[in-house]
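Below: the structure, in C-alpha cells.
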Amino acid sequence: MSPFISTPKPVTSSLQKHQQPFGPLVFNLSTTRSSRKGAPALPRLDRCFARWRHYPEASLPPRGCIPTLIFIKYPDANMLEPMFYELRHIAANAGFNVVRHSVAANLSLSLRIMVNYEEPNRFFIETKAGHLPSRLQELRTRESAYDHCLTMCPYTAQWVNTLLHRCTRTPLWQAVPTKELRPFIPFTQRRHDIIYMASHSHHGPVCDALQEVFPHFNYRWATDRRVKQLHRLQPNTYKRTFSQRMQVTRHTRTALIVNTLFYSNKLKDRQQYHLRPLLYTHGAFEAFKTTDRNQSLLCVPQLKSRTFEAAASGALMLVYEDGFNIIENFYTPVTEFLYWRTTAQLRSLLEDVLVRPNVYEPIARRAYERTWANYSVKAWVRLLVRPFVDMCQRP
C-alpha cells in the first residue's frame with residue numbers, strides 16, 4: 001500500500017431493530033459479517049426475516065399474495081434500468097412481480113415493496129418547512145403508500161424506522177446485471193488511466209480532481225449531459241447506454257469514487273435545514289448542525305451506483321474519504337479499494353498505479369470478485385426478495 005493513503009476507522013450507522021406489525025427487521029451493517037475473515041459487513045437478511053415466525057398470524061403478509069417490487073423509470077444509462085429488466089425476467093418463475101411506479105397506483109397489489117435509490121437528498125427536497133407534528137404526519141402518509149421500502153441509505157432507514165416506531169425500511173445496494181459479468185482484464189491491457197462516471201460538481205473534491213488531476217492522465221469522463229467546460233477538461237465519453245459505459249470502464253485502470261453530496265451555500269442550506277425540525281435526527285445531515293466557520297462544504301453521504309459499476313468492471317476504486325465512509329458497509333479499505341483525501345494524494349497514487357500495476361491490480365481484482373459473488377442481481381433477489389416470497393408461500 002502507498003504510504004500516503006490513510007485508513008480511517010469505519011463509521012457505522014448502528015441501525016436499530018424494532019418489533020413491527022409488518023416488514024423485515026433492519027439489520028446492523030456494522031455487526032453482520034460475511035463468512036470471509038476480515039471482510040466488511042455483508043447483509044444477512046435471512047437471519048432477520050427468520051424472526052417473522054414469532055409474529056402473530058394477523059401481522060404477517062397474507063398467504064398466497066405475490067410481492068411486487070415498484071421501480072421508478074431511470075435513463076437508459078443508469079444501472080437501475082438493466083437491473084429492472086433482469087428482475088422482471090426472473091420474477092415470473094420466482095414468485096414475485098416487478099412494475100413501474102407510474103402504473104403501480106392503478107394496480108391492485110397485495111404486497112407493495114418500493115425500491116428507492118434517491119436518498120437521503122430526496123428528504124431534504126421533499127420535506128417542507130414547518131412544525132414537527134404536521135411534517136411527521138406527512139411522513140407517515142408517504143410511508144403508508146407501500147408495505148415496505150428498500151432504500152440505498154442506511155441513515156434514512158434508521159431515521160424512518162425510529163420515527164415511526166416500526167420497521168418499514170431496509171437498506172440495500174444496487175445490483176449489477178448478470179449480462180455485464182465479463183472476464184477481468186489485466187491492468188497492463190487497459191487503455192485508460194482513470195474514469196469518472198457522473199456530471200461534475202461546481203465545488204468540492206470532484207471538481208478539484210477533474211481540474212487538477214485528470215489532465216495529467218489518459219482519462220475518461222463519462223456523463224449523460226454536456227456540461228460547461230472546466231479549465232482544461234471536457235467530457236469525452238457520454239453515457240449512451242449502461243453497457244457502453246461499462247465497456248469503457250472495463251478498459252480503465254482506476255475509477256474516481258465520491259459517495260457524497262456537497263452543499264456549498266452554508267448559510268442558506270443551514271437555514272433551510274433548521275426550518276425542517278423533522279430532519280434534526282437524520283444522521284446523514286449531521287454536518288448541518290455545526291457552526292464551524294472553517295468548514296467550506298456541508299457533506300451528506302449518498303452511496304452511488306458508480307461504486308458497484310467500477311468494482312464489477314475491475315477498475316481500482318479510488319475513494320474520497322468523507323468521514324462517513326459508507327462504502328465500508330460493502331468493501332474493505334486497503335484490500336479492496338483505496339482512500340484519498342487531497343488531490344496531491346490522488347495524483348501520487350495514480351502515478352504509482354501506472355508504475356507498479358502489479359501491486360494494485362490484486363486490490364481491484366478482490367473487489368471485482370466480491371461484487372460478482374455478493375452484489376449481483378441474483379444475490380439481491382436471494383437476500384432481499386426471497387424472504388418475502390417464502391413468507392407469502394408459507395403453509
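Along the sequence shown, the residues carry numbers beginning at 1.
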Open item on the list: Does the structure place the NZ or CZ of R100 under 6.0 Å from the centre of the six-membered ring of F84, at an angle of no more than 45° from the ring's axis?
Closed with: yes
TODO: Mark yes or no: R365 above the aromatic ring of F184, with NZ or CZ under 6.0 Å from the six-membered ring centre and no more than 45 degrees from the axis.
DONE: yes
Are any of the side-chain heavy atoms of [X] and [Y] separated by less than 4.5 Å?
X    : Y    : result
P177 : M79  : yes
M152 : L172 : yes
F262 : V300 : no
P171 : Q158 : no
W159 : L279 : yes
W372 : E180 : yes
T68  : V98  : no
L318 : L346 : yes

Do the charged groups of [X] and [Y] touch, with an N to O distance under 4.0 Å?
X    : Y    : result
E143 : R140 : no
D193 : R253 : yes
E336 : R370 : yes
E81  : K73  : yes
R245 : E309 : yes
R169 : E119 : yes

Is there a donor-acceptor contact under 3.5 Å linking the side chains of [X] and [Y]?
X    : Y    : result
T371 : Y331 : yes
H148 : T168 : no
Y339 : E328 : yes

Distance-only, no hydrogens or angles: does the [X] side chain make a donor-acceptor pair with backbone N or O of [Y] under 3.5 Å?
X    : Y    : result
R88  : V99  : no
Q244 : T241 : yes
N218 : R191 : yes
E86  : T178 : yes
N78  : Y74  : no
T151 : C153 : yes
N161 : L164 : no
R347 : A344 : no

What is the distance from atom [atom1] of [X] to atom [atom2] of [Y], rounded to the nearest 0.5 Å?
X    : Y    : atom1 : atom2 : result
K304 : Y117 : NZ    : OH    : 14.5 Å
T343 : E212 : OG1   : CD    : 4.0 Å
L316 : L350 : CG    : CG    : 8.5 Å
Q393 : I66  : CD    : CD1   : 8.5 Å
N374 : E369 : CG    : CD    : 11.0 Å
L111 : C392 : CG    : SG    : 5.0 Å

Please set out all donor-acceptor pairs under 3.5 angstrom arising from side-chain atoms of residues 380-390, sequence neighbours excluded.
from: W380; atom 1: NE1; to: W173; atom 2: O; distance (Å): 3.1
from: R386; atom 1: NE; to: D390; atom 2: OD1; distance (Å): 2.9
from: R386; atom 1: NH1; to: A94; atom 2: O; distance (Å): 3.2
from: R386; atom 1: NH2; to: D390; atom 2: OD1; distance (Å): 3.1

Open item on the list: Between V160 and H282, is the side chain to side chain contact (heavy atoms under 4.5 Å, CB included) condition met? List the steps.
Closed with: CA-CA 9 Å; V160 172; H282 197 306; over 6 Å; no
Find out if a path of hydrophobic residues (ILVMFWY) with successive side-chain heavy-atom gaps under 4.5 Å connects [X] to [Y].
X    : Y    : answer
L163 : F285 : yes
L275 : L298 : no
Y146 : I72  : yes
V103 : M114 : yes
Y219 : V355 : no

TODO: Would you please indicate if the ring centroids of F288 and Y263 are separated by under 6.0 Å?
DONE: yes
TODO: Please check if the distance between the ring centroids of F187 and Y360 is under 6.0 Å.
DONE: no
- [ ] Please say whether more than 12 non-hydrogen atoms of neighbouring residues, nucleotides or ligands are located less than 6.0 Å from NE2 in H89.
- [x] no
Open item on the list: On a heavy-atom basis, which atom in M246 and which in A312 lie closest, and how many Å separate them?
Closed with: CE-CB, 4.1 Å
TODO: Step by step, work out the side chain to side chain contact (heavy atoms under 4.5 Å, CB included) result for L278 and L136.
DONE: CA-CA 7 Å; L278 184 66; L136 183 58; 4.1 Å; yes
- [ ] For the pair R306 and I257, evaluate side chain to side chain contact (heavy atoms under 4.5 Å, CB included) and give the outcome as yes or no after the intermediate values.
- [x] CA-CA 7 Å; R306 67 184 69 101; I257 305 296; 4.1 Å; yes
TODO: Give the ring-plane orientation class for Y280 versus Y273, where under 30° counts as parallel, over 60° as perpendicular and anything between as tilted.
DONE: tilted
